[in-house]
Structures are given as C-alpha cells and as structure tokens.
There are 2 protein chains.
Amino acid sequence: MHAIGTASRLSGVGIETIRFYERSGVIPRPARAANGRRLYTDAEIARLRFLKKCRDLGFSLAEARALRELSENAGADCAGAAALARAHRDKVRARIAELQRLDAALGELMQNCADGNAACPLLHAIANA
Amino acid sequence: MHAIGTASRLSGVGIETIRFYERSGVIPRPARAANGRRLYTDAEIARLRFLKKCRDLGFSLAEARALRELSENAGADCAGAAALARAHRDKVRARIAELQRLDAALGELMQNCADGNAACPLLHAIANA
DNA sequence: GTGCATCCTGTAGCCACCACAGGAGCAAGC
DNA sequence: GCTTGCTCCTGTGGTGGCTACAGGATGCAC
C-alpha cells in the first residue's frame with residue numbers, strides 16, 4: 001500500500017489529478033489509513049498508469065475510463081476497444097487536416113508581409129476578407 | 001446603429017459570444033438605447049468580424065485582441081502582426097507533428113487487433129507499455 | 001390585446017486539470 | 001522535547017472560450 005505521492009510518482013499522474021479523478025468517479029475511492037491518508041494498491045497504481053497512457057494517446061477522460069473498464073472486464077472486449085481507437089484516430093486525422101488548412105492560410109497571409117509594405121497586407125487581409 | 005442580433009448576423013459572432021467579449025474586455029462597451037439595449041456602429045461590427053476571422057485562423061482571443069489593436073493603430077504595425085502570425089503558425093505546426101505521432105501510435109496499437117485475437121493486443125499494449 | 005421575437009442580467013456548465021489557503025501529521029536531527 | 005521540513009488533508013477558485021439556461025422586460029405586427 002502506497003501513499004498518494006508514491007502513487008503519483010509510480011504512475012506519472014499528478015497528485016491533484018489523482019484526487020480529481022477520484023472526485024469525478026474515474027477511479028474508485030481508495031482505502032484510507034487510520035490518519036485519513038489515501039492508500040493505493042499496486043493494482044490501483046497500474047490503473048492510474050493505464051489512464052495516463054490513454055490520456056497521452058489523446059483519448060478523452062471518458063474514453064480512457066471506458067477503455068479501462070473494457071480492459072478490466074474478463075475477456076477484454078477487443079472489438080469495442082478497437083472501435084474506440086478507430087473513432088479516436090479519425091478525430092485526430094480530421095484535426096490534422098484542419099490544422100494543415102490553417103497552416104496554409106497563415107502562410108498565404110504572411111507571404112506579402114515580408115515585402116516591407118507600409119500598410120500591413122496581413123492585417124488588411126483579415127480586415128477585408 | 002444596429003441591435004445585437006443584427007450585429008451577430010452581420011459579423012458571424014454569436015450573441016452570447018458578443019456579450020462575453022464585452023464582459024471580458026475584448027471589445028469596449030457599446031452605446032445603449034434609451035431602453036437599455038446595446039447599439040453597434042458599423043465600425044464595431046467590422047471589429048467583431050475581424051475578431052471572428054482571427055479566431056477562425058486559430059489565434060487565441062488574446063492574440064486576436066492584440067492583432068485588432070495593431071490593425072487599429074495608425075500605421076498598422078506590420079512587423080508585430082507578422083511576428084504574431086509566425087509564432088502562431090509555429091504552434092500550429094508543432095501541434096500537427098504531435099497529432100501525427102499520435103496517429104502513428106494509434107495505428108500501431110490497432111494493427112494487431114484486426115487479427116481476431118482472443119486477448120486484445122491493444123488493451124494489453126496500453127496496460128503493459 | 002395577444003402572441004412572438006428579441007433583448008436584458010446573472011449564473012452555471014463544459015473539459016481536464018492546476019494552484020492555492022489553511023490546517024494536520026510524521027520522521028529526522030539537535 | 002522541539003524544531004524543521006516534507007507530505008498529506010479538504011475545499012475553493014482559476015484557466016479558455018464559449019454555451020445554455022432562468023426569469024424577466026420590451027418591441028412590433030396583426
């Protein structure tokens with residue numbers, strides 16, 4: 001059984017974040033020592049590590065929670081997990097495409113700026129597009 | 001002078017968003033009619049359109065506000081605007097690179113899932129990476 | 001005068017945390 | 001035994017950029 005600081009260090013999830021996960025029901029309430037301090041088992045720390053990896057992969061907290069539940073159920077629903085991951089990858093790709101459009105638009109706007117014009121073409125373009 | 005609904009329609013900025021911009025000081029408080037309703041000049045509506053375009057280009061509200069101030073000052077500081085835009089484009093590109101890494105990682109994780117394995121390789125990979 | 005659209009203020013919710021304030025406990029060194 | 005410094009506790013408020021009400025007042029067309 002480990003204190004919250006140790007759990008944080010071992011899982012990579014911040015102390016405040018662990019307490020936030022508990023408050024919002026993402027993880028169950030852990031055991032408490034006689035002095036009221038939280039105590040975490042190795043399994044609970046593994047759960048936190050799992051959540052951290054999901055968040056690092058860009059899954060929302062709700063998705064991360066769903067994946068954790070899928071992984072902890074006997075059998076580990078592979079199809080469900082793959083569907084979640086596919087949907088998430090599609091969102092990531094859509095966002096990439098959107099940002100690439102932005103990148104191109106910004107490039108165009110900045111292009112004429114390098115010419116040392118007196119009136120800024122960038123600001124003018126934004127104002128009058 | 002136009003009511004807020006007209007200003008919203010002409011600028012593309014939502015009514016609640018216009019009031020939010022006012023509350024947070026992004027735009028100055030407009031004139032009021034005798035009955036207390038907000039009245040917007042054409043210049044103020046143009047300002048809203050400018051902000052909208054900046055937001056559509058992915059600038060933060062603070063950056064949008066800075067650009068607006070640059071554009072309204074006499075002379076329209078081109079170098080300042082270009083610097084803001086460059087910094088923003090760099091952030092956009094960094095985000096694209098990050099998302100592309102995520103895309104690749106997700107692809108790898110999903111790869112073995114299609115094989116119809118009993119134990120889900122995706123969930124296993126997240127749990128034990 | 002009746003209905004509907006529009007406007008007003010103020011507050012709360014979204015996401016995923018992060019940063020306190022103000023206090024309590026605990027272990028080590030002197 | 002006392003101080004120092006670390007960790008922990010609860011509770012609250014802030015971030016960004018809106019969005020969605022509640023509960024009321026007004027305006028305008030029929």
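Computed from a prediction, not measured in an experiment: that's the story for all the values here. Every chain is numbered from 1 and lettered A, B, ... according to where its sequence line falls, protein lines coming before strand lines.
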Next on the checklist: The test is salt bridge (charged side-chain N to carboxylate O under 4.0 Å, His left out); show your working for A:Asp56 and A:Lys52 and say whether it passes.
Outcome noted: CA-CA 6 Å; A:Asp56 286 348; A:Lys52 174 89 168 72; 3.1 Å; yes

Item to check | hydrophobic_cluster_shared for B:Met110 and A:Ile96, side chain cutoff 4.5 Å | outcome: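 As far as the 4.5 Å side-chain criterion goes, B:Met110 and A:Ile96 are connected within one cluster.
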
Item to check | Cluster overlap B:Ile15 with B:Ile45, hydrophobic side-chain contacts below 4.5 Å | outcome: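 Yes; tracing contacts between hydrophobic side chains, which count when under 4.5 Å, links both residues.
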
What's the closest nucleotide to the [X] side chain, out of [options]?
| X | options | answer |
| --- | --- | --- |
| B:Thr17 | C:dA16, D:dT19, D:dG17 | D:dT19 |
| A:Phe20 | D:dG17, D:dC8, C:dC17 | C:dC17 |
| B:Tyr21 | C:dC7, D:dA20, D:dC18 | D:dC18 |
| B:Glu16 | C:dT6, D:dC9, D:dA20 | D:dA20 |
| B:Arg38 | C:dT9, D:dC9, C:dT11 | C:dT9 |

Rounded off to whole Å, could you give me the [atom1]-to-[atom2] distance for the [X] and [N] pair?
| X | N | atom1 | atom2 | answer |
| --- | --- | --- | --- | --- |
| B:Lys52 | D:dG17 | NZ | C1' | 13 Å |
| B:Leu48 | D:dC18 | CG | C1' | 15 Å |
| B:Ile15 | C:dC8 | CD1 | P | 8 Å |
| A:Arg32 | D:dC8 | CZ | C1' | 10 Å |
| A:Glu63 | C:dC15 | CD | P | 12 Å |

Checklist entry - Between A:Glu98 and A:Arg95, is there a side-chain N and carboxylate O pair less than 4.0 Å apart? => result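 Counted as a salt bridge, because a side-chain N and a carboxylate O are separated by less than 4.0 Å.
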
Checklist entry - Within the pair A:Arg37 and C:dC26, is there a side-chain N or O less than 4.0 Å away from OP1 or OP2? => result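 Looking at the OP1 and OP2 atoms of C:dC26, neither is under 4.0 Å from any side-chain N or O of A:Arg37.
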
Next on the checklist: On DNA chain D, does the nearest nucleotide to A:Asn35 precede the nearest nucleotide to B:Ala62 from the 5' side, or the other way round? Give the residue.
Outcome noted: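 With A:Asn35 and B:Ala62 compared, the 5'-side residue is A:Asn35.
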
Checklist entry - In chain order, what residues pass the ring pair (Phe, Tyr, Trp, His ring centres under 6.0 Å) check against B:His2, with sequence neighbours excluded? => result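 In terms of ring pair (Phe, Tyr, Trp, His ring centres under 6.0 Å), with neighbours along the sequence ignored, B:His2 is linked to no residue.
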
For [X], which contact category applies under a 4.0 Å heavy-atom criterion: base, sugar-phosphate, or nothing?
| X | result |
| --- | --- |
| A:Ser60 | sugar-phosphate |
| A:Phe59 | nothing |
| A:Arg19 | base |

